[in-house]
> 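Before I ask anything, here is the structure I am working with.
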Amino acid sequence: MIKRERYLQKVEPFLNCDLIKVLTGVRRCGKTVLLEQIKELLLAKGAVKEQFVQVNFESMKYAKLKQADVLYQYIEEKAKQVQGKVYIMLDEIQEVPEWQAAINSLRVDLDCDIYLTGSNSRLLSGELASCLSGRYIQIKVYPFAFSEVKKMQMEHKAYRSDELTFAEFLKYGGFPQCCLLGDIHSKETYLHDLYEAIVLKDIVQRHHVKDIAMLKNILEYLMDNVGNPFSARKISGMMTSMGKKIAPSTVLNYVEYFKEAYLLFQVSRYDLKGKGLLASTEKYYTVDTGIRNTVKKSELVDSAKLYENIVYLEMQSRGYEVLVGKLEDQEIDFICYRGQEKLYIQVAYLITPSDATREFGNLEKIRDNYPKYVISSDLVDLSRNGIIHKNIIQFLQEHDA
């Protein structure tokens, strides 16, 4: 598997320090492999294999360790056999109830360096997590970005044109295992089975959902409508008109479940004039276009929405906080923040003369000097008035915006 440089660069400054490193992300996005790559990094810096204690809670081999006190005793005994620092690596830690108490005790009692992975966004919330407050860093992991797919092709000597690779990426997304599969049927089967596993293991079983069909209906609707303003009341009314009665509060509960499982990300709207977040009409984007295309019911090929979703994920994986912008009655697709950096992005499929007026015009109304980009599939450079136009394939292969 390719080295996931973006994430290794984020982890490296925190190696061998007492802050707990927590890798979070949807199932099968590559967290386990990344954990192994972190281990290789530590070995290259002088650690030895005997210093590592590793547990993957998806394996039946470690089923007896899914109790906080038993896990603590197991690692404590292993640590006694280690000379020097012990490196603790625990995969899918959310499988252990009250794991935070065990991890905090290990941090206090041992000379250790702790690395965790989890597939639930509530991993670090709640009363128990307060004992770890200020003692961990979270690194959000996503499926392969387009540049990683290209890198994988090069390493496997399976080079394809940028255009063909992007077309496949648009349709089948970036889950690492899916990218390694050669034929269309295998890709579609893998994505469908992964979707069912996430819904069953991370949502239905965890939250004891009884109406699974309704849950899937809501998820399919949201996947169909990535990038559109969200309204629980509107969805409730639409479902009720179809003879599938559901309360807005239940819709909101389901949306929280999807967010917890990292299937969907909520993006808040920011009023550029009022300088504040808006309380409603947020948008949602999916973790992977392949999963989205597997789930959605509409046969409409909506490339513009997929482009928008891909750019959102790209900026997230680069470490930006992403918001949707509102400027009076106009919309800015994305406002991106990273430390002191700030930039604006508009995304389009193809830019017609009328589109140019909208896409560039919206950005031209913003009266500041931060970088502004329009991204589309156009091959001709349409930059104007200081606003930079980029072809989406070119943009996705750059290290930064």
Side-chain angles (χ1 to χ4, degrees), residues 1-17 19-47 52 54 87 89 91 113-119 136-160 162 165-166 168-170 172-180 262 265 287-290 309-322 336-341 343 345 373 375 390-401:
M1 190 64 73
I2 63 166
K3 278 194 175 182
R4 306 206 67 184
E5 300 290 355
R6 285 182 182 175
Y7 304 107
L8 292 173
Q9 288 171 11
K10 292 174 184 176
V11 174
E12 191 164 12
F14 301 99
L15 298 178
N16 289 307
C17 80
L19 285 173
I20 300 162
K21 277 65 72 176
V22 187
L23 312 177
T24 59
V26 70
R27 284 182 184 271
R28 304 291 174 262
C29 70
K31 299 186 298 297
T32 302
V33 171
L34 181 56
L35 210 55
E36 284 298 318
Q37 292 178 359
I38 294 170
K39 180 180 179 180
E40 291 172 10
L41 200 56
L42 287 164
L43 290 169
K45 291 180 178 293
F52 289 83
Q54 294 179 261
Y87 294 97
M89 294 187 158
D91 219 347
D113 190 12
I114 302 175
Y115 301 82
L116 312 173
T117 80
S119 301
Y136 69 86
I137 61 156
Q138 181 183 12
I139 295 158
K140 297 176 182 178
V141 183
Y142 299 88
F144 279 169
F146 179 72
S147 58
E148 291 177 310
V149 175
K150 291 295 298 181
K151 186 177 179 181
M152 186 195 70
Q153 286 183 354
M154 298 298 290
E155 292 195 4
H156 285 80
K157 295 181 171 59
Y159 177 77
R160 299 177 185 176
D162 288 350
T165 302
F166 180 70
E168 288 192 356
F169 181 66
L170 200 67
Y172 300 112
F175 277 101
Q177 187 62 47
C178 185
C179 293
L180 289 169
Y262 293 109
F265 299 105
V287 70
D288 181 76
T289 54
N309 207 123
I310 285 172
V311 171
Y312 167 78
L313 292 173
E314 178 69 20
M315 300 310 291
Q316 286 284 109
S317 71
R318 291 182 186 183
Y320 286 87
E321 176 192 359
V322 182
C336 306
Y337 300 88
R338 188 175 62 183
Q340 299 300 310
E341 296 178 59
L343 57 91
I345 297 177
Y373 298 89
I375 298 169
K390 289 192 176 182
N391 172 267
I392 189 166
I393 296 176
Q394 172 199 353
F395 173 79
L396 294 173
Q397 293 192 83
E398 295 174 351
H399 292 296
D400 234 322

> Using every non-hydrogen atom in the two residues, find where Val322 and Cys336 come nearest and quote the distance to one decimal.
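Heavy atoms only, the tightest pair is CG2-SG, 4.3 Å.
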> Enter the distance from Lys150:NZ to Phe146:CZ here, rounded to the nearest 0.5 Å.
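Answer for the NZ-CZ pair, Lys150 versus Phe146, is 5.5 Å.
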> Classify the side-chain pair Thr24/Gln138 by whether it contains a donor and acceptor separated by less than 3.5 Å.
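Looking only at side-chain atoms, Gln138 and Thr24 do form a donor-acceptor pair, the distance falling under 3.5 Å.
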> Once rounded to the nearest 0.5 Å, what's the spacing between atom CD1 of Ile392 and atom CD of Gln397?
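Going from the CD1 atom of Ile392 to the CD atom of Gln397 covers 11.5 Å.
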> Rounded to the nearest 0.5 Å, what separation is found between the CG atom of Leu42 and the CE atom of Met89?
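If I round to the nearest 0.5 Å, the distance is 5.5 Å.
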> Considering residues at least two apart in sequence or located in another chain, which fulfil the salt bridge (charged side-chain N to carboxylate O under 4.0 Å, His left out) criterion with Lys39?
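Partners of Lys39 by the salt bridge (charged side-chain N to carboxylate O under 4.0 Å, His left out) criterion come out as none, since no residue qualifies.
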> Charged N to carboxylate O under 4.0 angstrom, Glu398 versus Lys390?
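Yes, charged N to carboxylate O under 4.0 Å.
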> Assess the side chains of Tyr7 and Gln37: does a donor N or O sit below 3.5 Å from an acceptor N or O?
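No.
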> Could you pull out all residues at least two apart from Lys31 that satisfy salt bridge (charged side-chain N to carboxylate O under 4.0 Å, His left out)?
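Glu92.
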> Hey, is Arg6 close enough to Glu314 for a salt bridge, meaning N to O under 4.0 Å?
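The answer is yes: the pair qualifies as a salt bridge.
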> Do Pro176 and Val33 make a side-chain contact, defined as non-hydrogen atoms from C-beta onward lying under 4.5 Å apart?
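The answer is no, as the side chains (C-beta and beyond) never meet within the 4.5 Å cut-off.
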> Nearest 0.5 Å, please: how far is NZ in Lys3 from CG in Leu34?
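NZ of Lys3 is found 11.5 Å from CG of Leu34.
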> Can you name the nearest heavy-atom pair linking Gly25 to Tyr262, along with the distance?
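So the minimum-distance heavy-atom pair works out to C-CD1, 3.5 Å.
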> Do Arg318 and Phe395 form a cation-pi contact, if we require the NZ or CZ to be under 6.0 Å from the six-membered ring centre and within 45 degrees of the ring's axis?
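Yes - Arg318 lies over the ring of Phe395, closer than 6.0 Å to its centre and within 45° of its axis.
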> Classify the side-chain pair Glu36/Gln54 by whether it contains a donor and acceptor separated by less than 3.5 Å.
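The criterion, which ignores hydrogens and geometry beyond distance, is satisfied for Gln54 and Glu36.
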> Do any N or O atoms from the side chain of Thr289 and from the backbone of Phe169 form a donor-acceptor pair under 3.5 angstrom?
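Pair found, side chain donor or acceptor close to backbone of Phe169.
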> Between the main-chain N or O of Thr165 and the side-chain N or O of Glu168, is there a donor-acceptor pair closer than 3.5 Å?
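No, the answer is negative, given that no donor and acceptor are paired below the 3.5 Å cut-off.
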> Can you find a heavy atom in the side chain of Leu35 that is under 4.5 Å from one in the side chain of Leu116?
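No, every pair of side-chain atoms sits at 4.5 Å or beyond.
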> Once side-chain contact (heavy atoms from CB on, under 4.5 Å) is applied, do any residues pair with Thr32, and if so which ones, sequence neighbours excluded?
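side-chain contact (heavy atoms from CB on, under 4.5 Å) check on Thr32 returns Asn56, Asp91.
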> Can a donor-acceptor pair be found between the side chains of Asp288 and Tyr172 at a distance below 3.5 Å?
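Result is no, nothing qualifies.
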> Go through the structure and list residues passing ring-ring contact (aromatic ring centres under 6.0 Å, His included) with Tyr136, not counting sequence neighbours.
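By the ring-ring contact (aromatic ring centres under 6.0 Å, His included) rule, Tyr136 matches no residue at all.
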> Can you tell me if Gln394 and Asp162 form a side-chain donor-acceptor pair at under 3.5 Å?
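Looking only at side-chain atoms, Asp162 and Gln394 do not form any donor-acceptor pair under 3.5 Å.
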> Determine, for Glu148 against Arg4, whether the closest basic-nitrogen to carboxylate-oxygen distance falls under 4.0 angstrom.
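Result for this pair is yes, salt bridge flagged.
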> Can you sort out the partners of Glu12 under salt bridge (charged side-chain N to carboxylate O under 4.0 Å, His left out), two or more places apart, ordered by chain and number?
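In terms of salt bridge (charged side-chain N to carboxylate O under 4.0 Å, His left out), with neighbours along the sequence ignored, Glu12 is linked to Lys45.
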> Asp113: which residues meet the side-chain hydrogen bond (donor to acceptor under 3.5 Å, both in side chains) condition with it, sequence neighbours left out?
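Per chain and number, Asp113 pairs via side-chain hydrogen bond (donor to acceptor under 3.5 Å, both in side chains) with Lys21, Tyr115.
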